[in-house]
Trainee: 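The structure under discussion is supplied below as structure tokens; questions concerning it will follow.
In what follows, chains carry the letters A, B, and so on, assigned in the order in which the sequence lines appear, proteins first and then strands, with residues in each chain numbered from 1. These numbers come from the heavy atoms of this one structure, side chains and all, not from hydrogens, waters or symmetry mates.
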Amino acid sequence: MNKKELAAIFEEIATLLELKGENPFKCNAYRNAARTIETLDHPLDEFKDISDFEGIKGIGSSIAEKILTLVRTGHLPYYDELKASLPEGLMGMLDIPGFGPKKARAVYEKLGVASVRELEYACRENRLLELPGFGAKTQENILKGIEYLKKAHGRFLLHEARNAALGLLQSLKNIKGVKHLEVAGSLRRFANTVKDIDILAVSTNPASLVDAFISHPLVEEVVARGETKSSVRLTMGINVDLRIVTEGQFPFALMYFTGSKAHNVTLRGRALHLGYKLNEYGLFKRDAKKSARLNSEEAIFKRLGLTYIPPELREDWGEIEAAEKGTLPHLITQEDVKGIIHAHTNYSDGIATLNDYAVEATRRRCEYIGISDHSRAAFYANGLSPERLLKQLDEINALNKKLKNVRLFKGIESDILPDGSLDYPDEILEKLEFVIASVHSKFKMPKEEMTRRIIKAMENPHTTILGHPTGRLLLGREGYELDMGAIIDTAARHGVIIELNCQPLRLDLDWRNVRKAIEAGVRICISPDAHNLEELDFTELGVGMARKGWCEPHHVLNTLSARDVEKILQAKR
DNA sequence: GCCGTTTTCGGCCCGACTGTTTTCAGTCG
């Protein structure tokens, strides 16, 4: 059992207890513990005894004992009994927006309704009307919520949500009276996926801003409309909250609604310790009615004795301690990126030609593009036979002679075959400047076997970069089972670069592991894995993710000049 | 269930909004 699975169980215990109507603080204790478990520094098997948990905040003797039982036996009678005491379908009902544990408990106990399906049916029969605290409106909203669930499953890719948010911002910023307009929430933190979009505004004419917001062409339905908060659902299914605050509140609100929740809790704790109360309206000296006047997030952090923490880092993952010590990283920015590695042409499954990429690179003032089409095993993607690969290399050589400010690097995205070998013989691989080795088949191998397979590919002296290391598709497919620690160690030992693939569905390597990789001394490559010219823009997402993984420019291969990249590629060969 | 440099008992972040109510409970972030 890994930490993530363990944390999920405690999270579920918290929810089950809520459904049972337990003391909310007890529920919260389990929820906190879940979060703590997920970010434990030490491997689970190092915890042998309750005393080993001493000093870990949020885990007392009772939860420590439950963790030990789970790790030792894989089971927890307390959890099993709790789960068995409630119908399975009850949990699913909590995904309905506006429908929480109290309501779920009420419909279950009073009406015997125990699943989303049954709940939908009960609504259609008007049976919720008879329950105390329920009415026609509630019933109607539940039905809408169920429709929403069917449509969207409740989460969206960062890329989709970001595009929608930028579109909204673009049209709202010109509304008369608008002084500030910013995206907050998990979108501002560059989370892999987001549930909704939070927009924060200051306006001298709030009513007209709200009007423009709720009547925007992207809006399908107005969920709520208040003086300071309005909420809509877009046609793509995502919810957007617009909050309007005063000029003075803005930095505090921006900070508050950017979160994360865990980051905020730690920050508020710190404020309390320093004799302040921090909320979305201000920073208040003990018992004071008026907030300290601070006009930026920087100023608030400073008052709390911290250097500025970029939004991507606000996950309560050590950023507050680092800000206190002044040791936060100088994060990579879009401007640091000098070139692009990993683009597919029309030789395999891309649309753009070699020449298209060369022209586009010039237009973008990009120093180089690393061409890496699929290898022959990827027949579904029109992978290159050795003959076609050699032909492409000739074409690149010819182009490079003509090009002035752009350099095309000759590469391949080679499948890692099930036995861990690469997809061409050495005499072909030797002709390339770089090799991205990726798994595209047999995803369901057992963890040990898959780890061995990938490690073998990384030990191959021709491998330069490990492509999309886990193979996950966000909101779609879990990555293959993998010992990521072993992969990172191997990369460090053999000087293999690890890709941060910025296809919106992948964002793989995950930012948490990006941080582990760079701490182990592994270099990262931010790759759009482009299949056409537009997809070169995905690099922006990758930069955001690299920032979230604490990357400085020197951690990333493609912040280097073409000449320096060439040196590194040559040294590896 | 967890925690404690005023506490080993009594707190635990808290405000907006909705929908149900006649002063509040539930949900959400």
Side-chain angles (χ1 to χ4, degrees), chain A residues 10 13-19 21-36 50 53-67 78 82 93-107 128-142 144-145 154 184-189 191 194-200 210 222-232 239-245 249 252-273 275-282 284:
Chain A
F10 283 91
I13 290 175
T15 308
L16 289 165
L17 290 173
E18 279 176 337
L19 284 169
E22 257 289 358
N23 173 358
F25 297 108
K26 179 170 165 180
C27 304
N28 227 354
Y30 277 98
R31 195 147 274 142
N32 285 336
R35 237 188 47 75
T36 307
I50 291 188
F53 289 93
E54 246 168 55
I56 299 180
K57 258 187 146 177
I59 298 184
S61 58
S62 169
I63 288 182
E65 201 165 336
K66 291 186 174 74
I67 295 175
Y78 173 76
L82 195 59
M93 297 202 294
L94 301 180
D95 293 334
I96 301 168
F99 196 85
K102 299 274 169 56
K103 287 203 174 96
R105 189 156 175 254
V107 297
L128 264 62
L129 299 180
E130 61 205 65
L131 294 182
F134 287 72
K137 206 66 198 260
T138 308
Q139 187 171 271
E140 199 185 314
N141 283 338
I142 290 172
K144 277 189 196 163
S186 50
L187 200 49
R188 184 162 182 246
R189 296 201 314 277
V194 304
K195 197 158 131 304
D196 51 23
I197 298 172
D198 293 297
I199 298 178
L200 214 57
V210 170
V222 179
V223 180
R225 184 189 178 158
E227 286 197 7
T228 62
K229 183 188 161 184
S230 299
S231 187
V232 300
N239 270 12
V240 189
D241 290 344
L242 171 70
R243 289 166 210 276
I244 300 179
V245 299
Q249 290 166 349
F252 298 98
L254 184 60
M255 190 178 229
Y256 182 89
F257 289 109
T258 298
S260 65
K261 206 167 178 178
H263 171 92
N264 283 353
V265 168
T266 305
L267 211 56
R268 277 199 294 274
R270 185 180 174 85
L272 278 174
H273 193 73
Y276 290 107
K277 187 182 81 160
L278 177 66
N279 61 25
E280 62 262 56
Y281 301 109
F284 304 85

Trainee: Checking contacts here: which listed nucleotide (B/dG15, B/dT18, B/dC2) is nearest the side-chain heavy atoms of A/Ser62?
Mentor: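 Shortest atom-to-atom distance from the side chain points to B/dC2.
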Trainee: Between B/dC3 and B/dT8, how far apart are the C1' atoms? Round to whole Å, please.
Mentor: 10 Å
Trainee: Once you round to the nearest 0.5 Å, how far does CZ of A/Arg243 lie from OG of A/Ser231?
Mentor: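 Output value for this atom pair is 8.5 Å.
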Trainee: Looking only at atom C1', what distance separates B/dC12 and B/dT7, rounded to whole Å?
Mentor: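 Between the two C1' atoms, the distance is 13 Å.
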Trainee: What pairs with A/Arg31 under salt bridge (Lys or Arg N to Asp or Glu O under 4.0 Å), at least two apart in sequence or on another chain?
Mentor: A/Glu11, A/Glu18
Trainee: Looking only at heavy atoms, which two atoms of A/Gln139 and A/Leu129 are closest? And how far apart?
Mentor: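 Shortest heavy-atom separation between A/Gln139 and A/Leu129 comes out as OE1-N, 3.8 Å.
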Trainee: Please determine if a side-chain N or O atom of A/Tyr78 lies less than 4.0 Å away from the OP1 or OP2 oxygen of B/dG1.
Mentor: no
Trainee: Can you list everything that forms a salt bridge (Lys or Arg N to Asp or Glu O under 4.0 Å) with A/Glu280? Sequence neighbours excluded, please.
Mentor: none
Trainee: Is any side-chain heavy atom of A/Tyr281 less than 4.5 Å from a side-chain heavy atom of A/Val245?
Mentor: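 A/Tyr281 vs A/Val245: side chains apart.
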Trainee: Please report the distance separating the C1' of B/dC13 from the corresponding atom of B/dT27, rounded so that it comes out in whole Å.
Mentor: 15 Å
Trainee: Below 4.5 Å, heavy atoms only, C-beta onward: do A/Tyr256 and A/Leu278 meet side chain to side chain?
Mentor: no
Trainee: In this structure, how many angstroms lie between the P atom of B/dG15 and the CD atom of A/Glu227, rounded?
Mentor: 18 Å
Trainee: Which nucleotides of nucleotides 20-27 of chain B have their base under 4.0 Å from a protein heavy atom (B), which only their sugar-phosphate (S), and which neither (-), written as one string 5' to 3'?
Mentor: S-----SS
Trainee: When the distance from CG of A/Leu242 to P of B/dA16 is rounded to whole Å, what number comes out?
Mentor: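 After rounding, the gap between these two atoms is 16 Å.
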Trainee: Nearest 0.5 Å please: distance from the CD1 atom of A/Ile96 over to the CD1 atom of A/Ile142.
Mentor: 6.5 Å
Trainee: Given atom NZ of A/Lys229 and atom P of B/dT18, what is their separation to the nearest angstrom?
Mentor: 8 Å
Trainee: Check whether NZ of the Lys or CZ of the Arg A/Lys66 lies under 6.0 Å from the centre of the six-membered ring of A/Phe10 and within 45 degrees of that ring's axis.
Mentor: no
Trainee: Measure CD1/A/Ile244 against C1'/B/dA16 and give the value in whole Å, please.
Mentor: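 Rounded to the whole Å, the gap is 13 Å.
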Trainee: In whole Å, I'd like the distance from the CG atom of A/Asn239 to the C1' atom of B/dG29.
Mentor: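 After rounding, the reported distance stands at 12 Å.
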Trainee: Answer syn or anti for B/dT7, where the cut-off is 90° from 0 on the glycosidic torsion.
Mentor: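 Base orientation: syn.
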Trainee: Sticking with atom C1', work out how far B/dT21 lies from B/dG26, rounded to a whole angstrom.
Mentor: 13 Å
Trainee: Give a yes or no answer on whether the side chain of A/Asn279 reaches the backbone of A/Gly282 with a donor-acceptor pair at less than 3.5 Å.
Mentor: yes
Trainee: Using purine N1 to pyrimidine N3 plus N6-O4 or O6-N4 for Watson-Crick, or N1-O2 and O6-N3 for G-U wobble, each under 3.5 Å, what pairs with B/dC14?
Mentor: B/dG29
Trainee: Under a 3.5 Å distance rule, please check whether A/Arg189 uses its side chain to pair with a backbone N or O of A/Thr258 as donor and acceptor.
Mentor: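 Yes, A/Arg189 side chain to A/Thr258 backbone: donor-acceptor pair under 3.5 Å.
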Trainee: When the distance from CD of A/Glu140 to C1' of B/dT18 is rounded to whole Å, what number comes out?
Mentor: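 About 13 Å, once rounded to whole Å.
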Trainee: May I have the distance from A/Asn141 (atom CG) to B/dC17 (atom P), rounded to whole angstrom?
Mentor: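 Roughly 16 Å, once rounded to whole Å.
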Trainee: Could you state the atom-to-atom distance from CG of A/Leu129 to P of B/dG19 in whole Å?
Mentor: 14 Å
Trainee: Atom pairs, N/O to N/O, protein against nucleotides 3-5 of chain B, distance under 3.5 Å?
Mentor:
{"from": "B/dC3", "atom 1": "OP1", "to": "A/Gly58", "atom 2": "N", "distance (Å)": "2.6"}

Trainee: For the P atoms, the ones on B/dC28 and on B/dT20, what distance do you get once it is rounded to whole angstrom?
Mentor: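 These two P atoms come out 16 Å apart once rounded.
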Trainee: Report all interatomic pairs (protein N or O, nucleotide N or O of nucleotides 6-14 of chain B) with separations under 3.5 Å.
Mentor:
{"from": "B/dC13", "atom 1": "O2", "to": "A/Arg268", "atom 2": "NH2", "distance (Å)": "3.1"}

Trainee: Within the distance-only criterion (no hydrogens, no angle test), does the side chain of A/Asn32 pair as donor or acceptor with the backbone N or O of A/Gly58 below 3.5 angstrom?
Mentor: no
Trainee: Determine the Euclidean distance between corresponding C1' atoms of B/dA16 and B/dG11; express it in Å to zero decimal places.
Mentor: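 Each nucleotide's C1' atom is 24 Å from the other's.
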Trainee: Return the set of residues passing salt bridge (Lys or Arg N to Asp or Glu O under 4.0 Å) with A/Glu22 (not counting sequence neighbours), or none when no residue passes.
Mentor: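 So A/Glu22 forms a salt bridge (Lys or Arg N to Asp or Glu O under 4.0 Å) with A/Lys26.
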Trainee: Which value, in whole Å, describes the distance between the C1' atoms of nucleotides B/dT18 and B/dT23?
Mentor: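 That atom pair is separated by 15 Å.
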Trainee: Considering the options A/Asp198, A/Val194, A/Asp196, which one meets the side-chain contact (heavy atoms from CB on, under 4.5 Å) requirement together with A/Leu187?
Mentor: A/Val194
